[in-house]
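Step one of this worksheet: look at the structure below.
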Amino acid sequence: MPITIALDLGGTSIKLALVKEGGIIESSNIPVNDNTRLEPILTTIEQSISDLASKNGIASSQFEGIGMAFPSIVDNKAGKILSEYVKYADVNDLSLQSWSKKLWGIPLLFENDARAALVGEWQYGAGIGKTDLVQMTIGTGVGSAVLIDGKVLRGKHFLAGNLGGHVTVNYDGDECNCGNIGCLETVASTWALPTKVSSHQLFKESRLSNAEIIDFEVVFKLAAENDPLATIIRDDCVNAWGFGAINLVHSFDPQAIIIGGGIMQSKLQILPQIQKMVDKHTWLPPGTVEIIAAKNGNKAALLGLDYLVKQNVN
């Protein structure tokens with residue numbers, strides 16, 4: 001069976017996998033540093049692909065295509081990155097399609113990472129059997145993607161459904177790193193969390209003041225242990241994500257919202273509250289839109305790329 005080379009280019013690492021029939025044969029991670037350019041890493045990527053193939057007895061003739069997912073707005077038709085990101089800024093200066101053709105004789109497909117993850121969950125995870133879905137991926141920021149009538153929503157300028165983290169939830173709030181005011185990410189994201197915690201009046205009295213790294217893992221852990229500030233921060237963030245979900249329901253009318261990201265380790269503290277808020281505040285009967293956890297974790301985008309590459313080739 002044909003095999004897809006899948007690359008998910010994230011903020012701290014590049015996840016790489018060989019994928020066949022919606023299953024990962026084997027995967028590996030390539031760490032990346034701040035302000036990383038892609039060109040110097042291509043040799044490492046080539047070697048990693050070669051090593052995985054050799055280890056699993058796979059000939060390069062079995063490769064069908066390569067998919068790359070980026071944390072940026074992506075024009076999948078032209079194979080271009082449309083928004084700047086702190087890493088991989090040289091992508092549009094590289095002829096990656098020629099690189100892929102030269103090495104393996106296969107086509108290369110670009111995709112936004114949130115859209116790839118949504119497709120992975122739709123085809124192989126929490127969204128199987130559904131035609132209308134929204135996915136929220138909570139991590140460094142809040143990513144989103146939308147499926148309507150079994151088709152990935154993209155829009156005229158490839159923004160559609162992708163900016164769930166940049167919907168204003170507080171018009172009198174802080175300026176976001178995108179330049180907008182009061183975005184969901186300014187209230188509840190990993191990048192905003194340290195300032196949100198350290199500037200709170202209860203910070204010095206909280207066990208969070210002793211944390212080496214202030215992230216959602218430690219916030220949810222200490223909230224479960226009844227730390228007052230951690231509890232306040234947890235509840236505030238969950239409510240912000242809930243209102244984000246409500247906005248997405250009113251915008252796209254899905255059957256379900258899939259929530260993914262490392263934050264789902266605390267799903268029992270998150271999903272019931274968001275479900276309650278969606279049931280109460282959307283213009284739909286309670287239970288109409290399910291709030292469910294993603295099933296494929298950080299492999300969802302890799303699986304989604306396999307499906308998208310196959311659709312592109314066939």
Side-chain angles (χ1 to χ4, degrees), residues 11 70-74 81-86 112-115 117-118 132-148 152-201 214-216 219 232-254 256-264 269-271 273-284 288-289 291 294:
F70 293 90
S72 309
I73 302 302
V74 172
I81 304 300
L82 302 181
S83 62
E84 292 185 3
Y85 184 60
V86 293
N112 165 263
D113 57 352
R115 287 191 179 122
L118 168 65
D132 294 78
L133 294 165
V134 168
Q135 178 148 339
M136 293 175 65
T137 302
I138 301 170
T140 302
V142 180
S144 63
V146 177
L147 184 83
I148 295 179
V152 176
L153 181 66
R154 300 183 187 280
K156 181 66 176 178
H157 306 101
F158 302 93
L159 292 178
N162 254 178
L163 298 177
H166 296 283
V167 173
T168 297
V169 294
N170 181 9
Y171 72 87
D172 197 29
D174 296 330
E175 183 175 346
C176 184
N177 58 14
C178 74
N180 192 17
I181 302 297
C183 291
L184 175 57
E185 286 194 11
T186 68
V187 180
S189 67
T190 300
W191 70 259
L193 190 62
T195 300
K196 183 183 180 75
V197 170
S198 62
S199 63
H200 197 282
Q201 61 183 1
I214 296 176
D215 58 14
F216 282 117
V219 167
I232 290 169
I233 297 295
R234 177 200 64 189
D235 292 349
D236 189 49
C237 289
V238 172
N239 285 335
W241 295 327
F243 284 115
I246 290 164
N247 289 337
L248 290 168
V249 170
H250 286 164
S251 297
F252 304 111
D253 192 17
I257 294 181
I258 300 169
I259 300 182
I263 196 72
M264 282 298 95
Q269 298 184 62
I270 298 172
L271 297 186
Q273 177 62 16
I274 295 179
Q275 183 72 67
K276 181 179 178 180
M277 292 177 69
V278 166
D279 286 346
K280 182 177 181 180
H281 295 296
T282 58
W283 288 27
L284 293 167
T288 301
V289 179
I291 307 300

Q. Can you name the side chain to side chain donor-acceptor pair (under 3.5 Å) partners of Ser189, sequence neighbours left out?
A. Trp191

Q. Mind checking whether Val249 and Ile257 have side chains closer than 4.5 Å, heavy atoms only?
A. yes

Q. Which distance, rounded to the nearest 0.5 Å, do you find between the OG1 of Thr195 and the NE2 of His200?
A. 14.0 Å

Q) If you measure from NE2 on His166 to OG on Ser144, what distance do you get to the nearest 0.5 Å? A) 9.0 Å

Which atom pairs, one a donor and one an acceptor, fall under 3.5 Å between side chains of residues 135-142 and the rest of the protein, sequence neighbours left out?
none

Q | side-chain contact (heavy atoms from CB on, under 4.5 Å) between Val134 and Ile258, worked out | A | CA-CA 6 Å; Val134 168; Ile258 300 169; over 6 Å; no

Q.
Over 60° means perpendicular and under 30° means parallel, so tell me whether His281 and Phe243 are parallel, tilted or perpendicular.
A. tilted

Q) With a 4.5 Å heavy-atom cut-off, do Ile270 and Arg234 have their side chains touching? A) no

Q. How about Val169 and Val187: do any of their side-chain heavy atoms sit closer than 4.5 Å?
A. yes

Q | Asp253 CG to Leu248 CG distance, which is reported to the nearest 0.5 Å | A | 12.0 Å

Q) Does Thr288 have any side chain to side chain contact (heavy atoms under 4.5 Å, CB included) partners at least two apart in sequence or in another chain, and if so, which? A) Leu284, Pro285

Q. Sequence neighbours excluded, which residues qualify as side chain to side chain contact (heavy atoms under 4.5 Å, CB included) partners of Thr190?
A. Phe216

Taking distance alone, no hydrogens or angles, what donor-acceptor pairs closer than 3.5 Å link side-chain atoms of residues 173-184 to residues at least two apart or in another chain?
{"from": "Asn180", "atom 1": "ND2", "to": "Thr168", "atom 2": "OG1", "distance (Å)": "3.1"}

Q. Of the non-hydrogen atoms in Thr186 and Ala192, which two are nearest, and what is the gap between them?
A. O-CB, 3.7 Å

Q | Shortest non-hydrogen separation from Ile81 to Ser83 and the atoms involved | A | CG2-O, 3.2 Å

Q | Any residue meeting side chain to side chain contact (heavy atoms under 4.5 Å, CB included) with Asp279, in chain and number order, not counting sequence neighbours | A | Gln275, Pro286

Q.
Once rounded to the nearest 0.5 Å, what's the spacing between atom CD1 of Ile259 and atom CH2 of Trp241?
A. 9.0 Å

Q: Would you give the length of the straight line joining atom CD1 of Ile263 to atom CG of Asp215, rounded to the nearest 0.5 angstrom?
A: 8.5 Å

Q) Are Leu133 and Val146 side-chain neighbours, meaning at least one heavy-atom pair lies under 4.5 Å? A) no

**Q.** Qualifying residues under side chain to side chain contact (heavy atoms under 4.5 Å, CB included), relative to Asn162, sequence neighbours excluded
**A.** Ile73, Asn112, Ala114, Arg115, Ala145

Q: Please report the shortest heavy-atom distance between Ile233 and Val219, naming the atom on each side.
A: CG2-CG1, 4.1 Å

Q | Set of residues satisfying side chain to side chain donor-acceptor pair (under 3.5 Å) with respect to Asn239, sequence neighbours excluded | A | Gln273

Q.
side-chain contact (heavy atoms from CB on, under 4.5 Å), that's the test. Do Asp132 and Leu147 meet it? Break it down for me.
A. CA-CA 5 Å; Asp132 294 78; Leu147 184 83; over 6 Å; no

Q.
Can you list everything that forms a salt bridge (charged side-chain N to carboxylate O under 4.0 Å, His left out) with Asp236? Sequence neighbours excluded, please.
A. Lys196

